[in-house]
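For reference, positions follow the sequence shown, starting with 1. Ligands are counted one by one from 1 in listed order, and the atoms in each one are counted from 1 as well.
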Amino acid sequence: MIGRLNHVALAVPDLTEAAERYRTALGASVSEPQPLPEHGVTAVFVELDNTKIELLEPLGADSPIAAFLAKNPRGGMHHVCYEVSDIRAARDRLVASGARVLGDGEPKIGAHGKPVLFLHPSDVFGTLTELEEV
Ligand SMILES: CC[C@H](C(=O)O)C(=O)SCCNC(=O)CCNC(=O)[C@H](O)C(C)(C)COP(=O)(O)OP(=O)(O)OC[C@H]1O[C@@H](n2cnc3c(N)ncnc32)[C@H](O)[C@@H]1OP(=O)(O)O
Ligand SMILES: [Co+2]
């Protein structure tokens, strides 16, 4: 069911500083900032040969990553994202296995313009897990 690793997301306290560090010290190709108000974050993507790194900073008062950054003020690994071909079938299979889907359970459009869902970290061994339909 799950396919490629689409991205690994890092929450950072300062997106501009993090993007610049990836560009200069790590020599990476980094996208321009992408505000995602419906998700409460601003994101950039670091393009790698085999996957992407998503750098995230909070956007707005109700950002879902604010509590994470309060606990991890220097930033930290926030979630992984796997690709699936049918996100509703994947959701239904995971819910049938006892996993909780966050939000109202309906896929939302993510940073890549594709439907995404999140599984509660407690149901996937402590790692917040995103699915993206490709
Ligand atoms: C979709 C656009 C973009 C894309 O790729 O396209 C993105 O990826 S946007 C990413 C930002 N959006 C989300 O993360 C949405 C899903 N996340 C959530 O709904 C929350 O972050 C949630 C529910 C996972 C945690 O919310 P919050 O931290 O406010 O709640 P708690 O503090 O009560 O935490 C509950 C429990 O979960 C543990 N936790 C929290 N965040 C993480 C994490 N990133 N990885 C692992 N575990 C996490 C937290 O420590 C608590 O554990 P407990 O043992 O109960 O103390
Ligand atoms: Co993501």
Peer 1: Hey, is atom 32 (O) of ligand 1 under 4.0 Å from any protein heavy atom?
Peer 2: yes
Peer 1: Under 4.0 angstrom from atom 52 (O) of ligand 1, is there any protein heavy atom?
Peer 2: no
Peer 1: Check whether V80 and I2 end up in the same hydrophobic cluster, where Ile, Leu, Val, Met, Phe, Trp and Tyr are linked by side-chain heavy atoms less than 4.5 Å apart.
Peer 2: yes
Peer 1: Mind checking whether H112 and F45 have parallel, tilted or perpendicular rings, split at 30° and 60°?
Peer 2: tilted
Peer 1: So how far is it from H79 NE2 to L10 CG, rounded to the nearest 0.5 Å?
Peer 2: 9.5 Å
Peer 1: Of all N/O/S atoms in E54, which lies nearest to the Co ion (ligand 2)?
Peer 2: OE1
Peer 1: Side chain, backbone, both or neither: which part of H7 comes within less than 4.0 Å of ligand 1 when only heavy atoms are counted?
Peer 2: side chain
Peer 1: Output, in order, the C-alpha distance, side-chain angles, deciding distance and verdict of side-chain contact (heavy atoms from CB on, under 4.5 Å) for L94 and M1.
Peer 2: CA-CA 10 Å; L94 284 154; M1 182 176 81; 4.0 Å; yes
Peer 1: Are L5 and V116 connected into the same hydrophobic cluster when the rule is that any two of I, L, V, M, F, W, Y join if their side-chain heavy atoms are below 4.5 Å apart?
Peer 2: no
Peer 1: Could you tell me whether E130 approaches ligand 1 through its side chain, its backbone, both or neither, with non-hydrogen atoms closer than 4.0 Å?
Peer 2: side chain
Peer 1: Would G126 count as a contact of ligand 1 if the rule is a heavy atom under 4.0 Å away?
Peer 2: yes
Peer 1: Would you please say whether a donor-acceptor pair under 3.5 Å links the side chains of H78 and E54?
Peer 2: no
Peer 1: Where does A111 meet ligand 1, judged by heavy-atom distances below 4.0 Å: at the side chain, the backbone, both, or neither?
Peer 2: both
Peer 1: How is the N/O/S atom of E130 that comes nearest to the Co ion (ligand 2) named?
Peer 2: OE1
Peer 1: Does the pair R23/E32 count as a salt bridge with the N-to-O cut at 4.0 Å?
Peer 2: yes
Peer 1: Could any protein non-hydrogen atom be found less than 4.0 Å from atom 2 (C) of ligand 1?
Peer 2: yes
Peer 1: Run the salt-bridge test on E106 and R91 with the 4.0 Å N-O cut-off and return the result as yes or no.
Peer 2: yes
Peer 1: By the definition side chain to side chain contact (heavy atoms under 4.5 Å, CB included), identify the one residue from L69, L15, V12, V41 that meets it with P58.
Peer 2: L69
Peer 1: Starting from the Co ion (ligand 2), look over the N/O/S atoms of H7 and name the nearest one.
Peer 2: NE2
Peer 1: Of the non-hydrogen atoms in G40 and S63, which two are nearest, and what is the gap between them?
Peer 2: O-OG, 2.6 Å
Peer 1: For the CG atom of L55 and the CD atom of Q34, what is their distance to the nearest 0.5 Å?
Peer 2: 12.5 Å
Peer 1: Given M77, H78, K114, identify the one with the heavy atom nearest to atom 14 (O) of ligand 1.
Peer 2: H78
Peer 1: For atom 42 (C) of ligand 1, what is the closest protein heavy atom, and at what distance to 0.1 Å?
Peer 2: F68 CD1, 4.1 Å
Peer 1: Does P121 approach ligand 1 within less than 4.0 angstrom via side chain, backbone, both or neither, non-hydrogen atoms only?
Peer 2: side chain
Peer 1: If you have a sec, work out which protein heavy atom is nearest atom 10 (C) of ligand 1 and how many Å separate them, to one decimal?
Peer 2: H79 CE1, 3.7 Å
Peer 1: Would you say atom 45 (N) of ligand 1 has a protein heavy atom nearer than 4.0 Å?
Peer 2: yes
Peer 1: Can you find a protein heavy atom closer to atom 40 (C) of ligand 1 than 4.0 Å?
Peer 2: no
Peer 1: For ligand 1, does K71 get within less than 4.0 Å through its side chain, its backbone, both, or neither, judged by non-hydrogen atoms?
Peer 2: side chain
Peer 1: Answer whether the closest heavy-atom distance between the side chains of E130 and L117 falls below 4.5 Å.
Peer 2: no
Peer 1: Kindly confirm or rule out an N or O of E132 lying under 3.5 angstrom from an N or O of ligand 1.
Peer 2: no
Peer 1: May I ask which of H39, E54, K52 has a heavy atom nearer to atom 4 (C) of ligand 1 than the others do?
Peer 2: E54
Peer 1: I'd like to know if atom 55 (O) of ligand 1 has any protein heavy atom within a distance of less than 4.0 Å.
Peer 2: no
Peer 1: Can you list the atoms of ligand 1 that are under 4.0 Å from a heavy atom of A67?
Peer 2: 28 (O), 29 (O)
Peer 1: Students should be able to answer this: which protein heavy-atom is nearest to atom 9 (S) of ligand 1, and at what distance?
Peer 2: V41 CG2, 3.9 Å
Peer 1: Return the closest protein heavy atom for atom 26 (O) of ligand 1 as residue, atom name and distance.
Peer 2: P64 O, 4.5 Å
Peer 1: If we count only non-hydrogen protein atoms and require a distance under 4.0 Å, does atom 21 (O) of ligand 1 qualify as touching the protein?
Peer 2: yes
Peer 1: Which ligand 1 atoms are under 4.0 Å away from a heavy-atom of V116?
Peer 2: 1 (C)
Peer 1: Might you check, step by step, whether the distance between atom 7 (C) of ligand 1 and some protein heavy atom is under 4.0 Å?
Peer 2: yes
Peer 1: With a 4.5 Å heavy-atom cut-off, do L26 and V46 have their side chains touching?
Peer 2: no
Peer 1: Pick, from L102, T127, V124, I109, the option with the minimum heavy-atom distance to atom 18 (C) of ligand 1.
Peer 2: L102
Peer 1: At what distance is the nearest protein heavy atom to atom 35 (C) of ligand 1, and which residue and atom is it?
Peer 2: H120 NE2, 4.5 Å
Peer 1: Taking a hydrophobic cluster as the set of Ile, Leu, Val, Met, Phe, Trp and Tyr residues connected by side-chain heavy atoms closer than 4.5 Å, whether directly or through intermediates, do L59 and L56 fall within one such cluster?
Peer 2: no
Peer 1: Considering non-hydrogen atoms only, spot the tightest contact between A90 and V84 and give its length.
Peer 2: CB-CG1, 4.1 Å
Peer 1: Between C81 and the Co ion (ligand 2), is there a contact where an N/O/S atom of the residue lies under 2.8 Å from the metal?
Peer 2: no
Peer 1: Among V95, D123, L131, whose side chain to side chain contact (heavy atoms under 4.5 Å, CB included) with V101 holds?
Peer 2: V95
